[in-house]
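Everything below concerns the one structure shown next.
What's counted below: heavy atoms across the whole structure, side chains too, no hydrogens, waters or symmetry copies.
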Protein chains: 2
Amino acid sequence: MNAESLLQQAQLVCQQKGARFTKVREQVFLLLANHHGAVGAYDLLAELKELEAAAKPATIYRALDFLSKQGFVHKIESINAFIMCHHFGECNHPVQLLICDQCGHVEEIQSNNFDLALRTMAETNGFTISHQIVEAHGSCKNCTNV
Amino acid sequence: MNAESLLQQAQLVCQQKGARFTKVREQVFLLLANHHGAVGAYDLLAELKELEAAAKPATIYRALDFLSKQGFVHKIESINAFIMCHHFGECNHPVQLLICDQCGHVEEIQSNNFDLALRTMAETNGFTISHQIVEAHGSCKNCTNV
DNA sequence: TGTCTTTTTGCTATTATATAACAATAAATT
DNA sequence: AATTTATTGTTATATAATAGCAAAAAGACA
């Protein structure tokens with residue numbers, strides 16, 4: 001899915017929800033959409049500065065915060081980076097990430113079974129999950145076969 | 001399990017592996033063992049400074065690095081904190097953490113099934129896992145019933 | 001034991017990541 | 001138009017983690 005059509009989809013979602021998809025937010029969205037892998041907030045800031053010289057850390061973090069809340073973007077906790085979600089229109093299931101430590105590629109998968117397994121296991125412990133982080137590091141298909 | 005017996009167990013493991021369980025490392029180990037929940041590196045540093053006034057960030061991070069490598073301690077990526085592992089003697093399976101956002105309690109569980117499920121799912125995508133991070137946030141038994 | 005090598009520590013500085021606080025502006029509401 | 005609410009600009013600061021290099025300690029070995 002290319003950046004433009006992702007943007008259109010996001011605009012639609014925002015319209016439906018009454019969320020304000022402002023200029024900065026769109027700019028950051030597009031920067032992320034044009035990245036193949038994950039990006040750090042400060043790398044993103046450097047890119048944004050080419051469009052908006054006055055951008056500051058808060059600018060980026062606020063935009064990322066908004067985009068995360070809409071489900072357009074995921075934060076990868078184990079590497080402090082952010083990545084565009086390519087399925088935000090379809091559903092809002094928790095996500096599992098496969099992070100290749102060789103090439104940096106991040107694959108996003110969504111398994112309802114897996115989600116359920118974790119949720120059930122938590123409930124056995126009397127625990128109610130509000131948000132789950134599943135990040136597997138290792139070697140992707142390409143990098144394993146090299 | 002109390003701090004002293006955990007320490008003894010850790011000493012044994014180090015002896016067997018030929019790892020050097022130095023003074024600083026033991027001090028940090030004990031500080032962690034006496035904590036009920038997770039602790040940030042700088043909080044830990046503040047505590048360590050009461051014993052070793054000259055301690056610096058690197059002191060703590062090196063100790064934590066060592067303790068993690070031995071499997072004595074887990075880093076919680078989503079809150080940048082560290083927690084003593086109470087099962088390091090038994091096995092070295094990947095771990096799932098239940099983190100209560102109300103009271104800060106962290107429950108460590110080890111499900112082989114879960115590990116296997118994730119591993120299998122990854123393999124379906126041609127991905128080989130070397131390290132996995134599973135952190136569920138939510139509300140623990142006590143906090144849910146309040 | 002004395003020498004060499006490796007590991008660990010001490011220390012200073014710096015890098016990286018993220019948020020607080022408050023005024024200014026823009027948009028939505030009435 | 002006036003008021004309220006959400007967003008942005010700006011400065012400063014908090015929080016987390018590592019780099020680099022010299023000194024010291026421990027282990028290896030003739």
Side-chain N or O of [X] closer than 4.0 Å to phosphate OP1/OP2 of [N]:
X	N	result
B/Tyr42	D/dA16	no
B/Asn80	D/dA17	yes
A/Thr22	D/dT8	yes

Quiz prompt | Residues, nucleotides or ligands: over 12 heavy atoms within 6.0 Å of B/Lys17 NZ | solution =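 Buried by this count: over 12 neighbours within 6.0 Å.
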Quiz prompt | Heavy-atom neighbours of B/His36 NE2 exceed 12 at 6.0 Å | solution =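 For B/His36, atom NE2 is not crowded (no more than 12 foreign heavy atoms under 6.0 Å).
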I need the [atom1]-[atom2] distance between [X] and [N], as an integer number of Å.
X	N	atom1	atom2	result
B/Ile76	D/dA17	CD1	C1'	17 Å
B/Ile60	D/dT18	CD1	C1'	15 Å
A/Arg62	D/dA6	CZ	P	15 Å
B/Lys56	D/dA19	NZ	P	19 Å
B/Ile79	D/dA17	CD1	P	11 Å
A/Asp65	D/dT8	CG	P	11 Å
A/Glu52	D/dT10	CD	C1'	15 Å
B/Phe21	D/dA26	CZ	P	16 Å

Exercise. Measure the shortest side-chain to side-chain distance between A/Phe88 and A/Leu67 over non-hydrogen atoms and say whether it is less than 4.5 angstrom.
Key: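 SC-SC contact between A/Phe88 and A/Leu67 ruled out.
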Gap between atom [atom2] of [Y] and atom [atom1] of [X] - 0.5 Å precision:
X	Y	atom1	atom2	answer
A/Phe82	A/Leu64	CZ	CG	5.0 Å
B/Gln110	B/Gln96	CD	CD	7.5 Å
A/Leu7	A/Glu4	CG	CD	5.5 Å
A/Ile99	A/His105	CD1	NE2	11.0 Å

Practice problem: Could you check B/Phe127 against A/Cys140 for side chain to side chain contact (heavy atoms under 4.5 Å, CB included), going step by step and ending with a plain yes or no? | Solution: CA-CA 4 Å; B/Phe127 193 95; A/Cys140 75; 4.0 Å; yes
Quiz item: In degrees rounded to 10°, what angle is found between the helical axes fit to the five outermost pairs at each end of the helix from C/dT1-D/dA30 to C/dT30-D/dA1?
Solution: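 One end's axis against the other's: 30°.
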Quiz item: When the nearest nucleotide of DNA chain D is assigned to B/Ala58 and to B/Arg20 on a heavy-atom basis, which residue is associated with the more 5' position?
Solution: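 Taking each residue's closest nucleotide, the earlier one in sequence belongs to B/Ala58.
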Quiz item: Which class fits the ring pair A/Phe21 and A/Phe29: parallel under 30°, tilted 30 to 60°, perpendicular over 60°?
Solution: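 Ring orientation, 0 to 90° scale: perpendicular.
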Exercise. Specify the residue among A/Ala41 and B/Lys23 whose closest nucleotide of DNA chain C lies further upstream toward the 5′ end.
Key: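 This one resolves to B/Lys23.
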Quiz item: Hey, where on DNA chain C does chain A first and last touch, going 5' to 3'? Cut-off is any atom under 4.0 Å from a heavy atom.
Solution: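 Nucleotide range with atoms under 4.0 Å of chain A: C/dT17 to C/dA27.
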